[in-house]
2 protein chains.
Amino acid sequence: MASETEENYIKAIFKITEKNQGAANTNAIAAHLSTSAASVTDMLKRLSSKDYFHYEKYKGVYLTSKGIEMATQLIRKHRLWEVFLVDKLGFSWDQVHDIAEQLEHVDSDELIIKLDAYLGHPKYDPHGDPIPNAEGKFTLRNQVTLQSLEKNEKGTVVGVRENDTPFLQYLNHFNIKLGTKMQVLSHIDYDHSMKVLVDDTVELLLSHKACSNLFIKKTTL
Amino acid sequence: MASETEENYIKAIFKITEKNQGAANTNAIAAHLSTSAASVTDMLKRLSSKDYFHYEKYKGVYLTSKGIEMATQLIRKHRLWEVFLVDKLGFSWDQVHDIAEQLEHVDSDELIIKLDAYLGHPKYDPHGDPIPNAEGKFTLRNQVTLQSLEKNEKGTVVGVRENDTPFLQYLNHFNIKLGTKMQVLSHIDYDHSMKVLVDDTVELLLSHKACSNLFIKKTTL
DNA sequence: AATGATTTTTAGAGTACCCTAAATATTTAT
DNA sequence: ATAAATATTTAGGGTACTCTAAAAATCATT
């Protein structure tokens with residue numbers, strides 16, 4: 001069985017390669033795990049015998065199918081636990097990341113099978129991120145950023161790009177959550193902020209940054 | 001924060017001292033943690049600066065109040081998770097120990113507060129062991145072993161002494177669980193086994209070993 | 001193609017665990 | 001009270017991770 005550290009390396013590599021196409025480089029992994037580049041090189045050399053990834057000096061790493069499988073199962077576990085924490089225990093979406101980060105390393109296949117059933121086989125976590133099924137398949141969704149909507153277009157919030165605490169708390173502050181209805185009132189050219197109508201009732205001005213990080217499912221008019 | 005290993009040492013010391021009065025000795029700790037006596041000595045020396053226990057060479061260790069507090073909280077977490085696994089996820093009582101052993105190390109006070117509330121502030125775990133409250137207080141109960149009951153005395157099963165898997169599965173086999181009614185029909189002198197009436201319907205012959213490990217709350221006749 | 005900036009690796013060392021074998025202390029039995 | 005048995009510690013070493021500083025390789029710019 002893989003150690004917690006190993007699991008964290010594999011997950012970091014998965015997330016980096018998923019975002020930037022191509023191999024994950026040493027510095028990126030180090031940044032992701034808040035460790036030094038030297039430690040990463042050391043770890044990659046020691047781990048590379050275990051067939052989770054291909055590593056070539058100075059070229060970075062990419063996962064094998066075994067590594068992808070492992071990363072996917074970790075993401076599955078992380079997101080299922082997040083659903084548990086929010087839906088069952090009553091945590092809010094900005095409080096669950098660190099706890100799920102610990103829970104995802106608990107090793108028991110039966111536990112995940114039963115947890116998944118108990119939660120009703122959820123397809124998305126509290127941030128709208130898809131939960132891979134037991135076979136590792138993600139359910140994708142037609143979604144666009146709020147920023148990309150044209151004037152008068154409507155939709156509902158289905159996810160957030162980065163689920164960092166400050167952004168989630170910013171959204172809490174405006175009472176924006178998954179399922180919140182949005183209609184574009186206008187784009188402000190000056191700073192690319194947007195005026196939107198929230199839940200058919202409240203008019204809000206949202207920054208470009210916020211609008212680029214909110215995922216919307218469009219309502220066909 | 002204490003490492004998982006440290007936590008396991010403290011818990012082992014607590015359980016040993018609880019059972020055998022007096023200091024926990026090196027070999028007992030080693031046996032409890034499936035490690036070598038030399039490793040235990042090594043660890044005790046390194047850990048003894050942290051004020052969890054008093055250690056004197058060749059004399060064994062006993063916990064300080066800080067150590068007792070830590071052990072108690074770990075037991076609280078372990079038993080709450082066991083309740084979750086059985087009551088909510090549908091595990092049986094013989095399947096939950098190892099999973100709870102991992103879950104108990106997850107570090108979040110808020111998580112335990114919310115989990116406890118979600119479970120309805122249970123006082124006992126699935127094996128009938130008391131769950132200490134947030135202040136570390138155990139709810140004790142009037143209980144005796146089945147073995148100690150006289151002929152014709154009645155009671156209900158409220159716990160098991162050791163919750164090792166084989167014993168729990170043995171009980172499953174006879175459909176004996178917490179809440180099962182027991183009435184003593186006779187003591188067999190030859191091997192100290194007992195003839196009992198289970199749930200007012202089934203007559204069973206139980207071994208001395210089993211009867212000594214079953215806790216009963218007597219019904220006043 | 002050479003220089004400078006950046007990235008990555010190597011070298012050397014530290015901590016937190018674990019081990020076996022040997023030495024020493026304590027307990028038990030005579 | 002001594003010998004034998006048992007319990008504990010010490011000595012020496014191993015693995016999995018971490019680090020900083022220095023060396024080497026790659027990339028970017030002219």
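To find a chain, count down the sequence lines: A is the first, B the second, and so on, and within it residues start at 1. These numbers were taken from a predicted model, which means no experiment stands behind them.
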Between [X] and [N], does any side-chain N or O lie under 4.0 Å from OP1 or OP2?
X	N	answer
Lys57(B)	dT10(D)	yes
Thr5(A)	dA16(D)	no
Ser3(B)	dA16(C)	no
Tyr55(B)	dT8(D)	no
Ser39(B)	dC19(C)	yes

Test salt bridge (Lys or Arg N to Asp or Glu O under 4.0 Å) on Lys137(B) and Glu69(B) and set out the steps. CA-CA 10 Å; Lys137(B) 209 173 145 60; Glu69(B) 150 98 27; over 6 Å; no
Rounded distance in Å - [atom1] ([X]) to [atom2] ([N]):
X	N	atom1	atom2	result
Leu33(B)	dC19(C)	CG	P	10 Å
Asn27(A)	dT7(C)	CG	P	6 Å
Tyr58(A)	dT7(C)	OH	P	14 Å
Glu56(A)	dT26(D)	CD	P	10 Å
Glu4(B)	dC17(C)	CD	P	11 Å
Asn25(A)	dT7(C)	CG	P	8 Å
Glu7(B)	dA16(C)	CD	C1'	15 Å
Glu6(B)	dT15(C)	CD	P	15 Å

Picking from dT20(D), dT7(C), dC17(D), which would you name as closest to the side chain of Ala38(A)?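 For the Ala38(A) side chain, the nearest candidate turns out to be dT20(D).
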Can the ring centres of His78(A) and His97(A) be said to be less than 6.0 Å apart? yes
Give a yes or no on whether the ring-centroid distance for Tyr62(A) and Tyr52(A) is below 6.0 angstrom. no
Between Lys59(A) and Ser34(A), which residue's closest nucleotide on DNA chain D lies nearer the 5′ terminus?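 The residue whose closest nucleotide sits nearer the 5' end is Ser34(A).
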With a sphere of 6.0 Å drawn around NZ of Lys114(A), does it hold more than 12 non-hydrogen atoms of other residues, nucleotides or ligands? yes
Checking Lys88(B) side chain against Tyr118(A) main chain: does a donor-acceptor pair fall under 3.5 Å? no
Do the charged groups of Arg79(B) and Glu101(B) touch, with an N to O distance under 4.0 Å?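 No, this pair does not count.
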In plain terms, say whether Glu104(A) and Lys11(A) are close enough for a salt bridge, that is, a side-chain N and a carboxylate O under 4.0 Å apart. yes
Could you check which residues of residues 41-50 of chain B get a heavy atom under 4.0 Å from DNA chain C? Sort them by number, please.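 Result for residues 41-50 of chain B: Asp42(B), Met43(B), Arg46(B), sorted by number.
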